Amino acid sequence: MLEIAVLGLLNESPMHGYELRKRLANLLGAFRAFSYGSLYPSLRRLAEAGWISEEESIEPVGASATRSRRGKRVYRLTAEGKEHLAELLADVGPEAFGDEGFGARLAFFGQTRSDIRLQILEGRRRRVEEQRDGMKSTLARTGERLDRYTRELQVHGLESVDREVRWLTELIEHERSDAPSPE
């Protein structure tokens with residue numbers, strides 16, 4: 001997930017490490033916790049693979065003497081990185097619609113082909129429907145034995161999953177209506 005997020009953001013524009021950290025936190029924060037300690041090792045690994053390049057930026061003339069002597073590193077996506085990102089975005093395996101990877105994939109749907117988006121959305125909906133069915137089954141079996149608050153918590157969780165299924169269904173319908181018709 002972090003690999004897709006980093007490559008996807010760098011595909012939009014080159015960035016300094018600090019800016020990349022902020023953008024990743026904003027992007028991934030809505031979907032899962034993001035460890036800053038994992039960013040720089042990931043950047044190093046992506047550079048070693050040839051998918052990003054790392055350059056020292058040049059300080060502007062008259063820059064404050066109180067600033068660090070070390071220039072900022074600018075990270076850019078390479079041609080190989082663009083190809084690798086396209087391969088990652090085209091992958092429709094279970095990790096694409098799982099809890100861990102779906103948010104990052106959704107964030108870069110604008111860079112993903114329509115048929116791939118549809119497969120990911122349908123896979124995510126199936127996954128969430130399975131989760132909903134399990135929650136309903138558990139609630140039916142244990143509901144009478146639970147205290148009022150625990151039961152309400154489970155009902156709230158079930159309502160949240162129902163909302164996600166409806167939202168995914170709407171996205172799928174829009175994706176299908178926007179898709180070019182086969183001739």
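The shown structure was predicted, so the numbers you read here are calculated from the model rather than taken from an experiment.
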Let me have the donor-acceptor pairs involving side chains of residues 6-20, under 3.5 Å, with sequence neighbours excluded, atom names and distances please.
from	atom 1	to	atom 2	distance (Å)
N11	OD1	K82	NZ	3.2
N11	ND2	Q111	OE1	2.9
E12	OE1	R23	NH2	2.8

* To do: Could you pull out the closest heavy-atom pair between A5 and L24, with the gap in Å?
  =>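 A5 and L24 have their closest heavy atoms at CB-CD2, 3.5 Å.
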* Asked: Looking at F97 and I120, what are the two nearest heavy atoms and their distance?
  ->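 Nearest heavy atoms, F97 then I120: CB-O, 3.6 Å.
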Who are the side-chain hydrogen bond (donor to acceptor under 3.5 Å, both in side chains) partners of [X], not counting sequence neighbours?
{"X": "R163", "value": "S160"}
{"X": "Q119", "value": "none"}
{"X": "T78", "value": "E80"}

* Does the pair L168 and E129 meet the rule for a side-chain contact (heavy atoms from CB on, under 4.5 Å), with working shown? -> CA-CA 10 Å; L168 289 164; E129 286 171 337; over 6 Å; no
Heavy-atom check, side chain of [X] versus side chain of [Y], under 4.5 Å:
{"X": "L2", "Y": "S38", "value": "yes"}
{"X": "E56", "Y": "R73", "value": "yes"}
{"X": "L43", "Y": "E54", "value": "no"}
{"X": "L27", "Y": "F108", "value": "yes"}
{"X": "F109", "Y": "I116", "value": "no"}

What pairs of donor and acceptor atoms, side-chain ones from residues 84-96 against any protein atom, are under 3.5 angstrom apart with sequence neighbours left out?
from	atom 1	to	atom 2	distance (Å)
H84	NE2	E3	OE2	2.5
D91	OD1	G93	N	3.1

* Only pairs at least two apart or in different chains count here, so list each ring-ring contact (aromatic ring centres under 6.0 Å, His included) that has a residue in residues 122-141. =>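 Every candidate ring-ring contact (aromatic ring centres under 6.0 Å, His included) pair involving residues 122-141 fails, so no pair, neighbours aside, qualifies.
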[atom1]/[X] to [atom2]/[Y] distance, rounded to the nearest 0.5 angstrom?
{"X": "R166", "Y": "L171", "atom1": "CZ", "atom2": "CG", "value": "13.0 Å"}
{"X": "L121", "Y": "I172", "atom1": "CG", "atom2": "CD1", "value": "5.5 Å"}
{"X": "L158", "Y": "M135", "atom1": "CG", "atom2": "CE", "value": "5.5 Å"}
{"X": "R44", "Y": "L39", "atom1": "CZ", "atom2": "CG", "value": "10.0 Å"}

* For L153, check side chain to side chain contact (heavy atoms under 4.5 Å, CB included) against everything at least two apart and list the hits. =>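 With sequence neighbours excluded, L153 shows a side chain to side chain contact (heavy atoms under 4.5 Å, CB included) to no residue whatsoever.
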* Under the side chain to side chain contact (heavy atoms under 4.5 Å, CB included) test, residues paired with R141 that sit two or more places apart ->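 If we apply the side chain to side chain contact (heavy atoms under 4.5 Å, CB included) test to R141, skipping adjacent residues, the hits are S137, T138.
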* To do: Could you state whether V74 and W51 fall into the same hydrophobic cluster, counting links through intermediate Ile, Leu, Val, Met, Phe, Trp or Tyr residues with side-chain heavy atoms under 4.5 angstrom apart?
  =>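 They do not share one cluster, since no chain of ILVMFWY contacts under 4.5 Å joins V74 to W51.
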* Asked: What pairs with E55 under salt bridge (charged side-chain N to carboxylate O under 4.0 Å, His left out), at least two apart in sequence or on another chain?
  ->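 Only R76 meet the salt bridge (charged side-chain N to carboxylate O under 4.0 Å, His left out) criterion with E55.
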* **Pairs flagged by salt bridge (charged side-chain N to carboxylate O under 4.0 Å, His left out) wherever residues 146-161 is involved - sequence neighbours left out** =>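 Those involving residues 146-161 do not exist here.
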* Could you name each residue pair satisfying salt bridge (charged side-chain N to carboxylate O under 4.0 Å, His left out) that touches residues 110-125, not counting sequence neighbours? =>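 Matches after skipping sequence neighbours: D99-R124, R113-D115, R117-E175, E122-R176, R124-E164.
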